[in-house]
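Starting off with a structure, shown below.
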Amino acid sequence: DLETSNKKQQELQKEMPPTLDLKYMLGAEEQQRLQKAMEYMRRISQEAVAPAQEGRAGAASKGKAKPAVPYKVLLDHKPEFDRILGVTVPKPTFHLLAKAEFSPYLEAMINQVLAQFLRQGVISSRAMLKPEPREIMVRRLPSRKEVVERPPFAFIELDEGRKSAASYCRDVAVEVSGADRWLVCDLTQLLLVPNVSPNWAETHERQQARLQELTPVYFKVKRGEMLVWEGERITPLHLVKLEAQSKIYPRSRGVLIFLG
């Protein structure tokens, strides 16, 4: 029964939950890039003030403030800082970073906020899952551990996450200055990227594997059974039976059978 078999296949495909990949280690990768970029600028700062410190070594008094790093020197290295970080940081934000001397403390705060959202899961748009499935299969990478989740799903949209990050980091950064708090918020929003994405290829592969397990639906016609009675309305089931009969019996023999 092709009609019933096709219907079962369609129902099976709808029941198969889509597979979504959660790149759980993306947060660690973001943190590593931020650490390398900040360490790079701290090293540039140290190298820039080293000649001035050596020149003043004989006259320097204990407790005297160290010489300031010319901002232009730091700005010249901004392209490399952006490359390591993976995003282009606005100049006002970079200027605040320079004033804060690329503080490891601010770096730790940015990492804290990023980790909070990436653990939850960030997706570029929920529209990718329309209509909303009854359940999804979340596969954590690289461990490939799988968990079935049902609505409401825990992950958030990227735009929603960036807005939430702004308010979240303001709350957790209450002990720092307004400028530093703004800096943490801005960099967090820049570095926040989706780490949840539908894996349509994996979903299709699993659907095909399930379809291979699906057995066709057959109908049985008894010997001597009348396929269609005179005056009876022809239904799709009648057509299927008549088509099957035409394949089993040649046309000439079908005439002989009909004539008796």
Residue list, side-chain contact (heavy atoms from CB on, under 4.5 Å) with V148, at least two apart or on another chain: E135, M137, R150
Beyond-backbone contact of L192 with Q189, side-chain heavy atoms, under 4.5 angstrom: no
Test item: N195 side-chain N/O and L118 main-chain N/O as donor-acceptor pair under 3.5 Å: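 It does hold such a pair.
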Residue pair S45 / V69: nearest heavy atoms and the distance that separates them: O-CG2, 3.7 Å
T93: partners by side-chain contact (heavy atoms from CB on, under 4.5 Å), with sequence neighbours left out: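 With sequence neighbours excluded, T93 shows a side-chain contact (heavy atoms from CB on, under 4.5 Å) to V89, P90, W182, L183, D186, L187, given in chain and number order.
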side-chain contact (heavy atoms from CB on, under 4.5 Å) assessment of M109 paired with L114: CA-CA 9 Å; M109 291 188 64; L114 275 175; over 6 Å; no
Whichever hydrophobic residues join M25 through chains of side-chain contacts under 4.5 Å: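 None; M25 is a cluster of one.
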Test of ring centre spacing under 6.0 Å for F81 and Y40: no
Atom pair CG/OG of D159 and S125 - distance to nearest 0.5 Å: 8.5 Å
Pairs involving residues 114-153, ordered by first then second residue, that meet ring-ring contact (aromatic ring centres under 6.0 Å, His included) (sequence neighbours left out): F117-Y168, F153-F155
Qualifying residues under side-chain contact (heavy atoms from CB on, under 4.5 Å), relative to P104, sequence neighbours excluded: R42
side-chain contact (heavy atoms from CB on, under 4.5 Å) partners of A115, counting only residues at least two apart: Q31, R119
